[in-house]
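Taking it in order: structure first as structure tokens, then the write-up.
For this chain, numbers begin at 1 and follow the sequence in order.
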Amino acid sequence: MDKMTQDCPYPGCFFCVMKEANPSKRRTSVLKFFRELPSLDEDGQVLPISGLWNTAMAHPNDPEFIDLGIFECMSALICKGLKNRRWLSHDQNIYIPYYAAHIIGSYTMNMEEFAESAVHAGVIPPLVELLKGRLTWVEQRVAVRALGHLATYASTFPSVANHGEVLELSIQLAMSSLEIVYSHFYQQMDRRLNYHCDLLTRGMGGVEMESRKAEEWASQLQCWSLQLINCFAFKPEFLSIICKPEFLVKLPGMWGGLVNENSPAGIGLLRTICHHKLGRGHVANCPGIVEALCNIARSSDDWQYMAIDCLIWLLQDPATCHKVTDKAVPALIDLAEISTLGDHKKLGDSIVNVLQECVESPGTGRTSISSRTKEQIDELLNSRQRLKWEKNMPKEDLHIKQAAALVVKLEGNSLFSSGNISGAASKYSEALALCPMRSKKERVVLFSNRAQCHLLLQQPLTAISDATRALCLHNPLNRHAKSLWRRAQAYDMLRLAKESLLDAILFINECSQSNDPDLSLKQNKVPDYAERLVKKQMRAAWLFTEAATKHGRVSCEVEGGGNVYGQEADDSEWETASESDIGDDGRADMCNGDSELDAEER
């Protein structure tokens, strides 16, 4: 140790301390280092802190530093930065509060005993000060991350909750985070703080990389705020604070973006809220939320099951069922063919049971729902009964029904090719009534064909319904390429950019993996019409769109004007037909430029 300190110009250097081979001496030296560091004013302090930051990220479950005072040290450094602006602006000390809060968050994200040590060390008050925005949004991001980890554990949540402002601050931050980052960093290309740029890119990128990382960090700031709020939402006593209409109505739109797709974000919080009776009451009374839940439930989003859970719980609650039935039932009927979704086994059966209870329960029965909704539920229940009957039918009879469905479907194809779109849709409906329920592959095609007709007839809601049914029947779930594309177009008609974007991206992914020569991407080239739609929706669903619009900096017009998609001739796994050239109010360009995808089997 003596030799090391003689070679190093900095007495007590942390890196020299860490090279100490004797465990006892090393422990004593690390303990001394953590105690003395907050009181030192010499240059170079950021170096050991950045080293600790790397160590905490690489080994968050390592207990070595926990008992030696790392949390007390990091807490003291944050307080020093908040109180002593002269010290903060000296050398590279401006980085230290960020690193210190990040270190606290890393060491508390997995281990409850570490979180207990952190709370005992007094980390919460300085983290709350950072959460208030006493420095900048960059420090807010790591503060809300650390507080979110501390609030996750039963033993440390009360300590976080005792700071009453934490929940309100988190709600405000979730709603304003994107605008904060946009206005304070993203649009300030010539006035960005140097240390922000360095932290975002680790000194390895220019303006473009800084902007990309800023979008990612803004998403994390919002999603981590929602995660912290979610910890409070498990406790009914906090729901009255969380369930303010102005906040609830924004939750479905908080989705993390493509840069943070692993976070359940707003839908995750809504699911927690809907788990409580009090929360369900607030959600059912908030205009627009149930419609948004229906859109997420029908989507191919990774968090689809969370929206389905919300709708099921709202229908099962006698106090909210009558308020949501006419909106929730059609969405759940479209999803009734799902067999398994993630950990949800026999999800379709659960949906059917809930819908059946909805019309049979005395308190929420047929008198509280519309006649159209009753008809839809009855149709679903009849189809389930039909499936049971078909199990006892001779195979010859089933083959006859399937052959009859094929004949009617071909009649629909002929009508489609001749331009009679309404007639074709009716024939596909007739074929569906004949087609055996267990013939899922054929039913996928019929629903998808009918969805295409509804698109051409400018009926996006019905097209979404049919495309969703096709995707639920398909194996694997949500991976029927042509239904994804049709639903992407329908969502676009309704200006649902996020949903359209997700389906368009999945469509391209499915095409890249398809063995179907009509679908496979030749030379890995994305079709022009799909590329146009993705670009359009990425602009419309961009995380900063609302903030940029507010600041007068964005336009969502499509490059070159006009529609981003054209007409698509339909597919069928039953038989090949000639390419359709039906006009569609300007949407026929897709047939011309992308015939390898449009001359599909019907």
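- Using the six-membered ring where Trp is involved, W303 and Y305 have ring planes that are tilted, between 30° and 60° apart.
- Within the structure, every pair that satisfies the side chain to side chain donor-acceptor pair (under 3.5 Å) test and touches residues 338-352, not counting sequence neighbours, is listed here: D309-H344, D349-R384.
- Between K427 atom NZ and L415 atom CG the span is 7.0 Å, to the nearest 0.5 Å.
- Under 4.0 Å is where a charged nitrogen must lie from a carboxylate oxygen, and between R486 and D466 no such pair does.
- Within the 4.5 Å cutoff, the side chain of R469 has no heavy atoms near those of the L335 side chain.
- The nearest pair of heavy atoms linking E442 to C435 is CB-SG, 3.9 Å.
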Hey, mind stepping through V445 and K409 against side chain to side chain contact (heavy atoms under 4.5 Å, CB included) and telling me if it holds?
CA-CA 10 Å; V445 174; K409 174 193 158 293; 4.2 Å; yes
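- The closest side-chain donor-acceptor pair between D492 and S500, if any, does not fall under 3.5 angstrom.
- There is no side-chain donor-acceptor pair under 3.5 Å between E112 and T156.
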The test is side chain to side chain contact (heavy atoms under 4.5 Å, CB included); show your working for H149 and Q227 and say whether it passes.
CA-CA 9 Å; H149 293 159; Q227 178 184 329; 4.0 Å; yes
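- We find that E215 and R212 are not joined by a salt bridge, their nearest charged nitrogen and carboxylate oxygen being 4.0 Å or further apart.
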Please report the C-alpha distance between S426 and S429 in whole Å, then the side-chain angles of each, then the deciding distance to 0.1 Å, and finally whether the side-chain hydrogen bond (donor to acceptor under 3.5 Å, both in side chains) criterion is met.
CA-CA 5 Å; S426 297; S429 297; 6.0 Å; no
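- Here the side chains of D503 and Y491 are in contact, with some heavy-atom distance below 4.5 Å.
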Could you check E531 against D528 for side chain to side chain contact (heavy atoms under 4.5 Å, CB included), going step by step and ending with a plain yes or no?
CA-CA 5 Å; E531 184 178 0; D528 290 342; 4.3 Å; yes
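- Between the side chain of S219 and the main chain of G256, a donor-acceptor pair closer than 3.5 Å is present.
- Between the OG atom in S383 and the CD atom in E337 there is a gap of 6.5 Å [rounded to 0.5 Å].
- Counting all heavy atoms, side chain and backbone alike, C453 lies closest to A424 at SG-CB, 4.0 Å.
- For the residue pair T545 and R539, no side-chain donor N or O sits within less than 3.5 Å of a side-chain acceptor on the partner.
- K277 approaches A319 most closely through the heavy-atom pair NZ-CB, 3.8 Å.
- Put simply, the side chain of R450 reaches to within 4.5 Å of the side chain of L432, judged on heavy atoms.
- In this structure, the side chains of L315 and L355 come closer than 4.5 Å at one or more pairs of heavy atoms.
- To the nearest 0.5 angstrom, L270 atom CG is 13.5 Å from R280 atom CZ.
- In terms of the side chain to side chain contact (heavy atoms under 4.5 Å, CB included) criterion, residue partners of M111 (sequence neighbours excluded) are, by chain and number, N61, E113, F114.
- Note that the CG atom of L178 and the CH2 atom of W542 stand 10.5 Å from one another [nearest 0.5 Å].
- We find the CG-CD1 distance between N382 and I377 to be 12.0 Å, quoted to the nearest 0.5 Å.
- A side-chain donor-acceptor contact under 3.5 Å links S448 and S483.
- With contacts defined as side-chain heavy-atom distances shorter than 4.5 Å, the pair N475/V444 does not qualify.
- Taking each heavy atom of Q220 and R141 in turn, the nearest pair found is OE1-NH2, 2.7 Å.
- A donor atom on one side chain and an acceptor atom on the other are found under 3.5 Å apart for K323 and N285.
- Heavy atoms of other residues, nucleotides or ligands lying less than 6.0 angstrom from NZ of K401 number more than 12.
- R298 pairs in a side-chain hydrogen bond (donor to acceptor under 3.5 Å, both in side chains) with only one of the listed residues (T468, N478, D334), which is D334.
- The minimum heavy-atom distance between I312 and V354, with the atom names listed, is CG2-CG2, 3.7 Å.
- Both tests hold for K235 against F157: distance to the six-membered ring centre under 6.0 Å, angle to the ring axis within 45°.
- Checked by atom type, the side-chain pair E499/S299 shows no donor-acceptor distance below 3.5 Å.
- For the atom pair CD (Q316) and CG (N353), the distance works out to 9.5 Å, reported to the nearest 0.5 Å.
- Considering only heavy atoms from C-beta on, F232 comes within 4.5 Å of V160 through its side chain.
- A donor-acceptor distance shorter than 3.5 angstrom exists from the side chain of H276 to the backbone of A233, with no hydrogens or angles considered.
- No side-chain heavy atom of I296 sits less than 4.5 Å from a side-chain heavy atom of Q304.
- The environment of CE in M109 is crowded: more than 12 heavy-atom neighbours from other residues, nucleotides or ligands sit within 6.0 Å.
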Mind listing the side-chain donor-acceptor pairs of residues 387-398 below 3.5 Å, one per line with the distance, residues two or more places apart or on another chain?
residue	atom	partner	partner atom	Å
E390	OE1	M437	N	2.8
E390	OE2	R386	NE	3.3
E390	OE2	M437	N	3.4

Assess whether side chain to side chain contact (heavy atoms under 4.5 Å, CB included) is satisfied between V290 and L311, documenting all intermediate values.
CA-CA 8 Å; V290 176; L311 294 176; 4.3 Å; yes
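- S370 contributes a side-chain N or O that, together with a main-chain N or O of T373, makes up a donor-acceptor pair within less than 3.5 Å.
- Smallest separation of non-hydrogen atoms from I229 and A174: CD1-CB, 4.1 Å.
- Contact of the F507 side chain with the L502 side chain is not registered, since no non-hydrogen atoms from C-beta on lie closer than 4.5 Å.
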